[in-house]
Amino acid sequence: INAEYMGHFLSVYFFSQPAMVGGPLWPVPRPNAPRVVPPPSSSSVVLPSSSLYGYGVNAGGWELPPSPPRMQFLARESGASRSPQHSVERPSAAARKAQLLMHPLSANCLGPWLVLRRLGTPAQLVEVDLAKGETHSAPFAALNPQGQVPVLIAPDGAVFWESNAIMRFLCGPGAAAGGAGAAAAAATLYPTAPNVRGRVDMALDWRQTELAPAVEQVAFPLLGLAPALPPAEAVEARVRLQKHLALLVEFFLRETPFIGGQEPSLADLAVGLPLLYLYATDFRVPPAVRRYLEALARVTPHWDAATEELYRFLCASQSSEAEAF
């Protein structure tokens, strides 16, 4: 998301919050009652062991609290002062959790979050303040020179970026350390059968190089996240997106309900999540794609928890001509 437009992005979201009730925007009805999220059990800041990471993280559980913890680029340990409301602990390697640096309105971040939840991997969510340009700071650039979220910091300090690479890593050999349930979930999300894995990888690469850019070209100008396209280019972008959605239905979903087979895979998370941006625009999504998204939302564990902030933003940003889904 272009940082130049992030101020509008967040101002629309934070100052136009709708009630959390069922409505036309989402693939499945939303709960009438707001989620119940306990506050973090501790306000201490836990730092990774390497001096590379010059920031603090508000410790807490998986569900984002009403005011999500934000990334704070704190002074490094060499005698500099720190935020007075926090104490600083350096946990042992055994106690260290993975950390996902993310933003809840970024579809690229929600896939890794859902995978972590599905695998039951202990992790901390760290919301990066995009509006303040934190992804372009020196400490963040040391983690990801691309200046983008998501970024995963593994318990051993290894750093991974690019959402698809993070999801693949999480479902790799290390998933077995989480027990039989985590290993089984990883095998479902990222199947080991060569032909199926090849199909999932193919869809992941197509999503990254073709589908996601096509969605962004159509949706982001309408949501105020990118400059408006000239009229002729806007028409071309819509035609291109329709062709990609037809490919999704006619090729990847021709024989199975999901890209990887009978259950959602990493490819389905990667493909489905950015399509949610279209729900707040006047773009007409084919009925078969809507049914696919409804099924994906219905069977994916923790879908509502992961997409709630995005849902609120899209409700606030909905075009007056948006299609009722």
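What you see is a predicted model, and the numbers here were worked out from it, not measured in a lab.
F169 pairs in a ring pair (Phe, Tyr, Trp, His ring centres under 6.0 Å) with only one of the listed residues (F160, Y190, W161), which is F160.
If you chain together hydrophobic residues whose side chains sit under 4.5 Å apart, L278 and V239 never meet in one group. No continuous path of ILVMFWY side-chain contacts below 4.5 Å connects L229 to V235, so the two sit in separate hydrophobic clusters. When the side chains of ILVMFWY residues are joined at heavy-atom separations under 4.5 Å, either directly or via intervening members, L105 and L222 end up in two distinct hydrophobic clusters. Hydrophobic clustering of Ile, Leu, Val, Met, Phe, Trp and Tyr side chains at less than 4.5 Å, counting indirect connections, unites F251 with L293.
The closest side-chain heavy-atom distance from P191 to V200 is below 4.5 Å. Using a 4.5 Å heavy-atom threshold, the side chains of C171 and L266 count as touching. Side-chain contact between V126 and L100: absent, with no pair of heavy atoms (C-beta onward) separated by less than 4.5 Å. At a threshold of 4.5 Å between non-hydrogen side-chain atoms, the residues T307 and L276 count as touching. Put simply, the side chain of L245 reaches to within 4.5 Å of the side chain of L211, judged on heavy atoms. With contacts defined as side-chain heavy-atom distances shorter than 4.5 Å, the pair F258/F252 does not qualify. Side-chain contact check for Q217 versus R238: every heavy-atom pair is 4.5 Å or farther apart. Side-chain contact between M102 and L125 is present, with heavy atoms from C-beta onward closer than 4.5 Å.
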Show the numbers, then the answer: is there a side chain to side chain contact (heavy atoms under 4.5 Å, CB included) between T192 and R197? CA-CA 6 Å; T192 57; R197 174 164 291 194; 4.1 Å; yes
Dump the intermediate steps for side chain to side chain contact (heavy atoms under 4.5 Å, CB included) on Q242 and F283, then the final yes or no. CA-CA 10 Å; Q242 287 285 15; F283 183 84; 3.6 Å; yes
Pair Q148, E162 - check side chain to side chain donor-acceptor pair (under 3.5 Å), show working. CA-CA 8 Å; Q148 298 174 340; E162 291 292 335; over 6 Å; no
Check step by step if side chain to side chain contact (heavy atoms under 4.5 Å, CB included) holds for I166 and N164. CA-CA 5 Å; I166 291 172; N164 290 346; over 6 Å; no
Verdict with supporting geometry, V299 and E263, side chain to side chain contact (heavy atoms under 4.5 Å, CB included): CA-CA 8 Å; V299 303; E263 297 184 73; over 6 Å; no
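In terms of heavy-atom proximity, I259 sits nearest to L253 at N-CD2, 3.8 Å. Here the closest heavy-atom approach between residue L296 and residue G272 is recorded as CD2-CA, 4.0 Å. Counting all heavy atoms, side chain and backbone alike, L273 lies closest to G111 at CD1-N, 3.4 Å. Heavy-atom minimum distance, P221 versus E216: CD-O, 3.4 Å. Contact detail for L152 and A98: the closest heavy-atom pair is CD1-CB, 4.3 Å. Nearest heavy atoms, S317 versus L223: CB-CD2, 3.9 Å.
A salt bridge is defined here as a Lys NZ or Arg NE, NH1 or NH2 lying under 4.0 Å from an Asp or Glu carboxylate O, and R207 with D201 fails to meet this definition. Between R290 and E294 there is no salt bridge, since none of the side-chain N atoms of the basic residue sits less than 4.0 Å from a carboxylate O of the acidic one.
Checked by atom type and distance alone, the side chain of Y277 pairs as donor or acceptor with a backbone atom of A107 at under 3.5 Å.
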